[in-house]
There are 2 protein chains.
Amino acid sequence: MAHPTIYDVAAAAGVATSTVSRAFSTPTRVSAHTRERVLAAAAELGYRPNPHARALFSGRHHTVAMVVSDITNPHYFELIRGAELRAKASEYTLVLVNAEESPRIEYDQIQRLVSSVDGFVLAASRLPDENLEQIASQRPVVLMNRELPGIPSVVLDHVQGCRQIVEHLVSLGHRHLVYLAGPRNSWMAATRWSALRTAAEGHGIRMERVGPFTPKVSQGGAAADGALTTNATAIVAHNDLLAIGVVQRLAQRGVRVPEDVSVLGFDNIFASDLCTPSLTTLGGAHVEVGRAAVEILLDMATPNGKTRTPPRVLLPTELVLRGSTGAAPSA
Amino acid sequence: MAHPTIYDVAAAAGVATSTVSRAFSTPTRVSAHTRERVLAAAAELGYRPNPHARALFSGRHHTVAMVVSDITNPHYFELIRGAELRAKASEYTLVLVNAEESPRIEYDQIQRLVSSVDGFVLAASRLPDENLEQIASQRPVVLMNRELPGIPSVVLDHVQGCRQIVEHLVSLGHRHLVYLAGPRNSWMAATRWSALRTAAEGHGIRMERVGPFTPKVSQGGAAADGALTTNATAIVAHNDLLAIGVVQRLAQRGVRVPEDVSVLGFDNIFASDLCTPSLTTLGGAHVEVGRAAVEILLDMATPNGKTRTPPRVLLPTELVLRGSTGAAPSA
DNA sequence: TTGAAAGCGCTAACAC
DNA sequence: GTGTTAGCGCTTTCAA
């Protein structure tokens with residue numbers, strides 16, 4: 001039989017459809033003997049419950065949607081991997097949406113999915129706060145690497161991390177830093193900038209910002225040139241991709257890294273360890289971010305825990321020291 | 001209203017539910033005037049058709065599942081991106097499943113999804129042929145980078161590509177090559193080996209195989225050591241990750257690349273351009289593979305085209321020459 | 001413990 | 001062109 005239903009199973013087992021249903025969803029409320037008969041018949045026919053029929057009634061879909069702002073960025077794959085693992089562990093299905101750095105696409109896709117998923121995990125959402133609040137009022141939402149009061153979030157502790165970055169650079173004698181900013185509507189970009197500036201002020205050193213830049217390797221050229229005009233001795237790029245592009249451009253222009261200028265990135269992507277010089281970068285347990293976000297979402301989707309105040313998980317970062325940072329030039 | 005239904009819209013617009021349904025699914029079969037009234041009422045209430053109810057009746061879910069054998073491998077990002085783009089363009093939802101290199105997980109997850117998706121695109125499936133045939137008998141299936149008679153597939157032309165690899169190496173004076181094989185149940189590994197061997201025979205040079213290896217950087221050490229025992233002057237690794245690991249291990253052992261030995265990979269992943277030396281590799285339009293596979297799947301899912309003989313798309317590869325290959329040592 | 005029956009939201013005959 | 005109605009496969013009262 002192509003797609004046997006409970007009717008087929010019921011007929012085969014000589015019971016009512018409701019009994020079949022119970023045998024699957026509330027096995028305790030069926031006598032052991034009947035249950036066995038039903039399960040045997042189901043196995044025989046190759047019956048599998050139709051999740052849509054189930055969802056139609058229950059409103060629960062056993063599905064979560066993950067929206068990433070840019071799937072081209074390898075950084076997100078760690079998040080995706082963590083999310084997928086966690087979802088799978090609870091037999092949830094993970095739907096993947098790439099917003100292609102467009103708030104419009106992001107919003108439209110979310111609306112399209114609102115009635116077919118149990119909730120959303122949003123990675124580095126580019127949506128304005130109001131949109132997020134509106135979506136959160138329709139479905140459970142968990143933010144990754146973004147915060148908004150009232151909505152649960154999982155974030156790497158960038159305040160702490162940026163402090164470490166500045167300390168690292170200060171200890172190497174740098175007194176003038178520049179941050180190559182990420183996209184205008186990126187919460188992370190704003191957070192990093194503010195954390196860096198605060199840390200720099202604490203050390204009484206100069207910190208400026210250039211940008212915004214789309215954080216891709218291809219933008220590294222423009223970013224590097226922008227950075228050079230500041231005469232800063234250390235460049236903190238919005239992420240590793242941009243940093244890699246910056247390093248390439250600097251090489252092209254004959255600027256040595258780290259002898260003439262130090263470069264740092266964020267995310268600790270796979271490639272940052274392979275490029276030359278290898279990249280000093282602020283990493284963290286990205287897989288864990290994905291995992292934790294889905295875990296919170298699943299908690300929210302189950303009846304009990306919904307009332308608690310929205311969790312705000314802060315995961316530790318780690319500064320990975322590599323070849324792209326060194327002592328400030330003595331000039 | 002939390003989730004208005006066609007009943008609510010029908011009541012608000014003063015029409016029957018079927019009219020509302022038609023206004024959405026077959027707008028031409030409703031008078032312009034009524035349609036407007038319905039759409040206005042729907043917009044007013046914030047109505048959105050419930051895809052599950054729709055799927056329950058029609059059996060079509062507007063969803064495709066993509067299964068990748070290992071999400072950690074950056075190579076798959078490209079496939080995923082292409083698949084996601086194509087699915088989104090047709091307002092299809094993409095479900096992502098990571099098989100974690102386990103045929104068991106792959107099979108179980110597919111079975112779990114059989115009744116909730118319109119079809120599967122399987123990237124480098126590790127399943128035995130029989131399983132694939134069985135799945136294809138339940139739902140449309142398109143293979144990526146794997147072939148099986150009777151099932152549509154999209155594959156990069158590795159026969160052609162491997163020939164180019166061998167020609168490249170022969171022209172550099174290499175007479176003894178070694179292939180570091182991928183996983184035992186990888187169709188791609190078998191294909192590459194067979195194509196490389198054939199090409200090598202055609203040139204009358206020696207080609208051997210070592211392995212299998214799990215194609216990760218971490219396996220490069222063992223793979224490199226295995227390769228060295230053969231005294232081959234050129235190493236063709238199953239993919240770029242393995243090749244990168246091999247290069248690292250060779251450096252550790254004081255073997256120079258490419259002076260003492262040449263190294264090649266497959267996939268042209270992002271990092272292969274950044275490592276030192278940069279990696280000669282067989283690339284191709286991976287995004288296109290993902291896109292084409294989903295496109296075929298969508299075709300299959302629409303009533304008309306189902307009868308045609310299963311398409312077998314062969315996309316061109318390109319050999320990207322970089323720093324890791326050079327003249328054979330004169331010894 | 002089990003069965004009969006209503007209904008989740010939507011679509012497609014079939015009437016009018 | 002539009003309304004009536006019977007399901008799609010499942011869950012869950014309500015009775016027995």
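Heavy atoms only: backbone and side chains are in, while hydrogens, waters and symmetry mates are out. Quick note on labels: first sequence line is chain A, next is B, and so on, each numbered from 1. These numbers come from a predicted model, not from an experiment.
B:His3 places its NE2 atom 11 Å from the P atom of C:dC10, with the value rounded to the nearest Å. Summarising the geometry, the separation between NE2 on A:His61 and C1' on D:dT11 is reported as 15 Å, rounded to the nearest angstrom. For the pair A:Asn50 CG and D:dG7 P, the interatomic distance rounds to 18 Å; values are reported in whole Å. Counting to the nearest Å, the C1' atom of C:dT2 and the NE2 atom of A:His33 are 14 Å from each other. Atom-to-atom, NE2 of B:His52 to P of D:dT11 comes out at 14 Å; the value is rounded to the nearest Å. Nucleotide C:dT11 holds its P atom 12 Å from the CZ atom of B:Arg29, rounded to whole Å. When rounded to the nearest whole Å, the span between CG of A:Asp8 and C1' of D:dC8 equals 13 Å. We find that CG of A:Leu56 is positioned 5 Å from C1' of C:dG9, with the value rounded to whole Å.
In the set D:dG7, C:dC8, C:dT1, D:dG7 carries the atom at the smallest distance from any side-chain atom of B:Phe57. Of the candidates D:dT12, D:dT2, C:dC10, the closest approach to any side-chain atom of B:Val30 belongs to D:dT2. In the set D:dC10, C:dC10, C:dA4, the nucleotide with an atom closest to the side chain of A:Ile6 is D:dC10. Relative to the side chain of A:Thr19, the nucleotides C:dT2, C:dG9, D:dT11 differ in distance, and C:dT2 lies closest. Relative to the side chain of B:Ser31, the nucleotides D:dT2, C:dG3, C:dG9 differ in distance, and D:dT2 lies closest. The nucleotide whose nearest atom lies closest to any side-chain atom of A:Arg54 is, among C:dT2, C:dC10, D:dT11, D:dT11. Of the listed nucleotides (D:dT2, C:dT2, C:dC10), C:dT2 has the atom at the smallest distance from the side chain of A:Arg22. Taking the side chain of A:Ser25 as heavy atoms from C-beta on, and the options C:dT2, D:dC10, D:dT11, the nearest nucleotide is D:dT11.
For B:Tyr7 against C:dC8, a side-chain-to-base donor-acceptor contact under 3.5 Å is absent.
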Check your understanding: Going through the checks in order, is the side chain to side chain contact (heavy atoms under 4.5 Å, CB included) test met by B:Ile6 and B:Tyr47?
Key -> CA-CA 8 Å; B:Ile6 39 171; B:Tyr47 166 78; 3.5 Å; yes

Point to revise | Criterion salt bridge (charged side-chain N to carboxylate O under 4.0 Å, His left out) on A:Arg112 and A:Asp108, from CA distance to verdict | key: CA-CA 6 Å; A:Arg112 194 174 73 75; A:Asp108 288 351; over 6 Å; no

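A:Ser18 comes within 4.0 angstrom of a base, heavy atoms only. B:Val20 comes within contact range of no nucleotide atom at all, as no heavy-atom separation falls under 4.0 Å. Using a 4.0 Å heavy-atom criterion, one finds that B:Thr34 contacts the sugar-phosphate atoms exclusively. Within 4.0 Å of B:Phe24, counting heavy atoms only, lies no atom of the nucleic acid at all.
In this pair, A:Phe77 and B:Phe77 present their aromatic rings parallel. The plane angle is below 30°, not in the 30 to 60° band.
Salt-bridge annotation for B:Glu295 and B:Arg291: absent, with no side-chain N of the basic residue lying under 4.0 Å from a carboxylate O of the acidic one. Comment: A:Arg81 engages A:Glu78 in a salt bridge, judged by a side-chain N to carboxylate O separation of less than 4.0 angstrom. Under the 4.0 Å criterion applied to side-chain N and carboxylate O atoms, A:Glu147 and A:Arg312 are assigned as salt-bridge partners.
Neither OP1 nor OP2 of C:dA12 sits under 4.0 Å from any side-chain N or O of B:Ser21.
Each of A:Arg35 and A:Thr17 lies near DNA chain C, and the nucleotide nearest A:Arg35 is the one positioned closer to the 5' end.
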